[in-house]
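Encoded as structure tokens, the structure appears first; notes follow it.
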Amino acid sequence: MMFSGKQTKPTFKSYLPPLQTESKKSPQLPIKKLEAKLLPGEIVVNEANFVRKCIGAESCQDDLWGKLVCTNFKVSFITHKSLPQQRFQCTHRLLGEHDIPLACVEQVVTVNDVKGKQKILGSNQKLKFNPTELILYCKDFRIIRFRFDEAGPESAKKVCLAIAHYSHPADPQLLFGFEYVGKRYHGSTGERVNGVDPGGGLQTPLFDCSSDWDREIKRTGASEWRVCTVNQGYFISPSLPEFFVVPVSLADQDLKQYACFFYSQRIPLWCWNHSSGSALVRMSNISDPQQQRKVEQRISSTITKSHPLRSDVFKSDLDKNLPNIQDIQAALLKLRQTCVIDPFEESEEKWLSSLESSRWMEYVRTFLRHAVEIVYMLESRRVSVILLEKEDRDLSCVISSLVQLMCDPHCRSLHGFQGLIQKEWVMAGHRFLDRCNHLKKNDKEESPVFLLFLDCVWQLWNQYPAAFEFTEVYLTVLGDSMWVPVFSTFLFNCPRQRAEHSRDFASSKSIHLGQDQALRFPPVWDWSQQFSLKDQTLFNNPLYVGKIATCVQNGTVKTFTHRRSKKNYSSTMRGLPSVLRNGSLGPNDTLARRNSLVLRLRSDLTQVREQQETPSERFVREFFSRPVDLQGLLLPQLLPSHISVWKLYFLRWVPEAQIPQGGPITTFHKLSVLTDEIEMLQNQLRQYKGAGSTPNNLHTEHSKMYFKATSTPQQSPAPPEYLSSSFPFSPVGNLCRPGILGTPLSKFLNGAKIWLSTETLANETV
Amino acid sequence: MEHIRTPKVENVRMIDRLTTRKSTVGTLYLSSTHTIFVENSEARKETWVLHSLVYNVEKLPTNPSGSPLIIRCKNFHVYRLLIPQEKDCLDVLASLTRLSRPERYGELFCFSFNPNLDKELREKAWGFIDLKAEFSRMGIPSNLWHVTAANHEYRLCDTYPSELFVPKSASPAVIVGSAKFRSRGRLPVLSYFHRDTSASICRSSQPLSGFSARSSDDEQMLQAIMKSNPVSEFMYVVDTRPKLNAMANRAAGKGYENEDHYTNIKLQFIGIENIHVMRNSQQKLIDVGELAAPTMSDFLWGLENSGWLKHIKAVLDAGVFIAKAVAEDGVSVLVHCSDGWDRTAQACSVASVLLDPYYRTIKGLMVLIEKDWVSFGHKFSHRYAHLDTDPKEVSPVMDQFLECVWQLMQQFPCAFEFNERFLIQLHTHLYSCQYGNFIGNCQKERRDLRLQERTHSLWPHLWENRAEYTNPLYRTDHSQTQGVLKPLTTAYCFKFWKGMYGRAEKSVASHQSPADCLNAVREESQQLEEELSAHQERLAQLKERKTSGERKKTNKLSERVRRPIPTESELSSPLDYFTTPRSEKHTPSFTLPLELAAPPKNGDPDDLSTCSDFESGVADLSSHSSSAGDDEVVKTNA
């Protein structure tokens with residue numbers, strides 16, 4: 001296939017034997033055996049042989065020889081040699097060790113270092129030079145580099161163009177998930193007859209049916225709220241789910257009437273009820289300013305009616321208080337620049353100030369802080385809260401999820417957390433397709449809102465490691481799964497879009513959908529799509545698992561056990577404090593620009609005099625003066641010194657940040673072994689109690705821990721050699737910074753300080 | 001007592017550090033050793049501030065609500081008071097200023113501090129750390145190294161210990177000659193011997209080389225050190241200073257070794273800045289920690305501009321270089337700076353921590369500090385301003401060493417037997433002058449002060465309370481505890497030490513570290529093991545069958561699990577933490593009008609740690625104020 005095109009012109013160079021340096025020897029591998037492993041529906045588009053994947057930073061000694069393949073799903077590099085260092089890696093069921101999903105490719109850069117040329121390739125483009133290397137900048141912060149020194153120049157060019165083209169799909173239905181899922185329908189029909197729902201027996205509620213919502217209403221005790229079905233068939237609002245929850249006092253007729261006042265006909269959505277009866281509601285802007293007051297009053301009064309104390313409603317305008325999606329995108333780009341693009345020597349020198357100038361951590365803190373303010377309203381003031389955002393599809397998702405994570409211990413369990421994302425992101429219509437920019441069409445719509453949320457969750461996790469059922473590996477892998485375009489979770493902008501594309505695709509491929517609304521894309525929560533059961537144990541937090549074990553033993557699993565505060569609150573609110581009347585909670589200092597340190601210090605000193613503490617300050621202070629109940633309310637510590645860099649996510653590919661045999665993973669290892677020991681002892685206990693009805697070897701199969709205790713616990717197993725702070729990831733071969741390679745490329749890329757957007761560069765010709 | 005103008009001021013407000021808008025009303029007392037603030041609230045919460053820990057006292061302009069007074073402590077606590085009458089404020093200011101700046105050694109707290117130990121116990125306590133035993137642990141004396149009497153009665157060098165370990169091949173004449181060629185007579189002597197490779201770490205001050213001077217004795221001395229490592233063909237001389245600084249010293253007749261004059265040495269500069277740069281840098285860092293409502297920008301910029309983490313990196317880099325030379329290349333290293341008592345001590349001790357797992361234990365770190373810092377004449381009283389002396393002599397040299405260890409603990413959480421609290425406790429006692437260990441500037445001075453007769457030793461006290469300084473993640477058979485630590489020293493790996501510099505957060509429930517959670521897990525596992533062994537025994541009884549195999553296993557299991565440390569929430573009072581029985585024999589010389597305090601609302605472990613000295617700290621005060629456990633009570637004597 002690769003040589004089927006026109007003959008390559010004999011050039012002066014081609015008469016010479018390939019340069020044989022020591023490292024480059026033996027490209028003569030049994031090439032025939034180098035075949036890409038394909039998934040159902042996956043086809044090879046183009047490929048090139050004798051390609052070198054760069055591994056080492058400075059020399060090419062460790063580089064790997066193999067075949068570069070572009071399919072309709074991934075960029076695959078197939079090689080016989082394993083990597084120089086024997087290292088650990090989770091085996092991904094959909095992706096090989098060197099594979100990159102096309103959806104993960106951010107930018108395709110081709111270089112000819114002899115001619116000193118480079119070009120960033122988009123879809124359907126021409127390339128006027130023969131590339132000597134290909135650099136793939138990935139959305140998960142990796143930078144992968146291939147050399148074509150020994151490859152046929154034409155095939156090299158073709159494979160580059162193919163990668164560029166297929167990583168810019170023109171239509172959502174060209175995303176691999178459709179072919180992948182479509183193939184299932186053409187395969188054995190038995191699968192369907194089984195009647196397995198798309199979750200495959202998942203415990204995670206998907207909130208795509210009214211029963212999931214009913215359960216959530218019951219669980220939170222929201223008796224004055226009901227599931228409404230007016231949007232069945234998406235006839236009212238295109239971006240709302242078919243089922244959602246509204247106040248009991250709002251009749252379907254009212255809903256239909258009010259829908260037209262809201263942006264995209266989004267009727268306000270119930271998110272969650274606090275145990276005090278206060279509700280968390282999200283709402284989009286009212287498009288008609290003349291109707292605004294009236295509609296708002298009506299909505300507020302129905303929410304008030306649904307409150308057991310008939311409390312007031314507090315409205316929080318997120319657009320006014322939080323950075324917008326473009327700010328968030330800009331912050332991530334700068335952070336990426338600092339972490340992986342800038343030469344290490346430069347970024348190390350000004351690491352903290354670069355971190356600061358990206359503003360990413362500031363935004364993380366801003367979102368956490370805002371969520372705390374909302375928690376104060378629900379928890380302490382016992383009022384219902386409306387989160388107001390223009391479209392109600394980005395910032396609201398973050399804030400409503402964070403509020404629930406802080407208040408509701410159920411959301412800190414694995415299935416609770418997954419259900420939360422289903423509820424507040426997938427069903428509420430977060431535009432995953434646009435925000436991920438899977439189609440690479442509109443860079444202005446691209447924004448890592450979900451990643452920002454994950455970082456906020458990580459901060460909470462980092463401050464209360466025993467309060468969450470999952471680990472930071474779980475959060476990292478969840479973030480990465482956005483770039484594997486087969487999951488229903490991250491492929492669409494809203495449920496309706498999923499249904500429409502499913503219908504179109506099904507009819508074009510003559511697939512019979514039957515009862516289903518949409519193609520049965522697996523949700524990301526079906527983790528066995530990606531990982532073995534053994535690897536999935538990396539998601540289990542040893543500090544949490546121990547607790548569950550004891551809970552289950554007692555026969556019940558505690559879910560929502562919110563402790564009521566002992567303080568007496570007056571049941572009626574006598575008006576809101578002045579700061580609340582204008583709808584915001586005072587100035588948001590984190591968004592203010594940098595102050596002079598000296599000035600600030602001086603003003604601190606002058607503050608040494610009596611001032612009144614605000615109620616929300618007192619709420620936070622009192623929370624921290626009590627011992628923390630991990631099964632109750634959790635507030636994050638917001639001082640800047642408590643906000644950390646999520647190293648596992650942002651620095652896992654950076655060799656200079658990888659601590660061999662060190663890092664938090666060593667704690668994880670130690671705790672896992674201990675927890676496993678406890679499980680083992682519990683099993684033994686059960687054996688004695690049950691007179692040995694279960695065989696002993698059951699333990700190893702059912703252990704929830706990745707790292708296991710030895711059967712002779714007097715010797716604790718040493719942490720494996722491959723453990724490093726990047727575990728289970730590895731920088732080897734995953735980060736080829738332009739700078740450290742010493743190629744002429746650095747000249748080009750150093751000029752462009754900021755990672756230029758694909759759009760800007762797509763038209764650039766050499 | 002003659003310096004106390006007002007022993008008691010009423011209706012003083014203490015302003016909360018975290019939210020300046022909150023304050024509590026109480027009474028302020030001044031004793032000869034402490035400032036005590038007692039809240040008027042029901043809990044009668046007390047805050048104790050040891051005078052010797054006071055760094056400075058500042059009065060701000062009087063405003064309508066009173067005269068603000070800020071007390072800043074050497075352990076980075078800050079107390080903000082509002083005193084109703086300006087006159088009272090000025091009196092407190094004057095008293096505290098004087099009390100916090102003793103002029104003579106005799107005024108220091110350690111000479112009045114009396115934990116009611118009898119003479120015999122006190123002497124035994126001073127023998128707790130035995131440096132001779134430490135050298136013999138390293139295998140010294142050996143056929144190549146021995147102890148020299150050259151510094152008997154401090155004839156050769158008055159800032160060195162009297163017993164020095166030198167190569168056997170170095171003749172007395174060479175030793176004396178080498179001392180003469182070194183600044184302040186601090187000749188090259190052994191600091192650490194690495195058994196596996198026979199490479200050694202030696203230390204000295206800079207040579208008096210100027211631009212051309214040389215000493216054959218000194219050259220022979222270095223040759224002898226190199227030869228004491230039979231397999232090695234050269235040795236490193238690590239000058240921990242920036243090269244420019246070292247060169248500047250040549251004009252003053254000092255400087256560094258000329259590689260042409262010494263055979264087979266390789267000179268390496270590391271670039272740790274001098275004490276003045278470090279002092280200024282730390283001040284900037286403290287300012288960052290003191291910010292009342294910092295934004296992310298304030299914090300990150302402040303942290304970077306302080307340069308503090310870069311200095312920590314430099315010290316750690318020096319340790320890494322030395323450790324690598326000794327362990328991987330098997331090459332001996334001579335370390336020096338200018339005088340060889342600041343940067344040299346840092347570099348040698350950091351290298352030792354990296355090289356030898358023993359120094360990562362509680363006892364081992366004590367030994368290391370006693371060896372590399374106390375015995376080799378680190379100028380404690382100057383650096384930590386024990387007396388009212390030249391402020392230019394003050395510098396956070398040891399702070400940096402402790403922080404290096406802390407940074408290493410962040411990278412290798414399972415490698416150290418001790419926890420963060422232990423380091424903070426050490427840091428506090430560096431300044432507190434409660435024990436005699438860190439008083440004076442060298443061994444000779446301590447001998448002349450008869451400190452062993454007149455004061456108490458810190459080490460046995462810490463050792464008795466080691467349960468609260470133990471890292472539950474540490475296990476001796478863990479690979480991180482074995483062999484050489486290889487830390488990363490890139491900027492990503494250095495963190496702001498919240499526990500030390502972010503003391504503003506002390507009143508706040510601290511971060512829950514996995515180690516804290518582990519204590520709970522540990523307890524659970526012990527319960528299960530007990531249950532298991534009970535069942536096993538019953539089974540054995542019932543069946544009357546030999547189950548020795550299983551029982552053996554259970555026994556081993558129980559051995560492994562040490563006594564669980566109770567978790568915060570389970571403690572009825574933080575005093576439960578302390579294993580030392582409280583002395584009942586105090587004779588109160590100063591009685592506070594206190595009732596028994598209510599149990600604490602919050603058990604912040606960091607605060608609790610400081611309470612361990614409760615009974616001793618108030619030996620000369622009333623002891624029936626058992627509110628020591630209260631969450632904000634700060635036993636600054638600790």
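Naming convention: chains lettered A, B, ... in sequence-line order (proteins, then strands); numbering from 1 in each chain. Remember, it's a predicted structure, so these values are computed and weren't measured experimentally.
- The residues Glu362(A) and Arg365(A) are annotated as not salt-bridged, no charged nitrogen and carboxylate oxygen being separated by less than 4.0 angstrom.
- Between the side chains of Gln459(A) and Asp455(A), at least one donor-acceptor pair of N or O atoms lies under 3.5 Å.
- Within 6.0 Å of NZ on Lys486(B) lie no more than 12 heavy atoms contributed by other residues, nucleotides or ligands.
- Only the side chain of Leu651(A) has a heavy atom closer than 4.5 Å to any heavy atom of chain B.
- With a 4.5 Å cut-off on non-hydrogen atoms, Val620(A) does not touch chain B at all.
- Arg652(A) forms a cation-pi arrangement with Tyr649(A), by the criterion of a distance under 6.0 Å to the ring centre and an angle within 45° of the ring axis.
- For a residue to count as touching a neighbouring chain, one of its non-hydrogen atoms must lie under 4.5 Å from one of that chain's; by this rule Glu349(A) touches chain B with backbone and side chain alike.
- The contact between Lys647(A) and chain B is made entirely by side chain atoms (from C-beta outward), counting heavy-atom distances below 4.5 Å.
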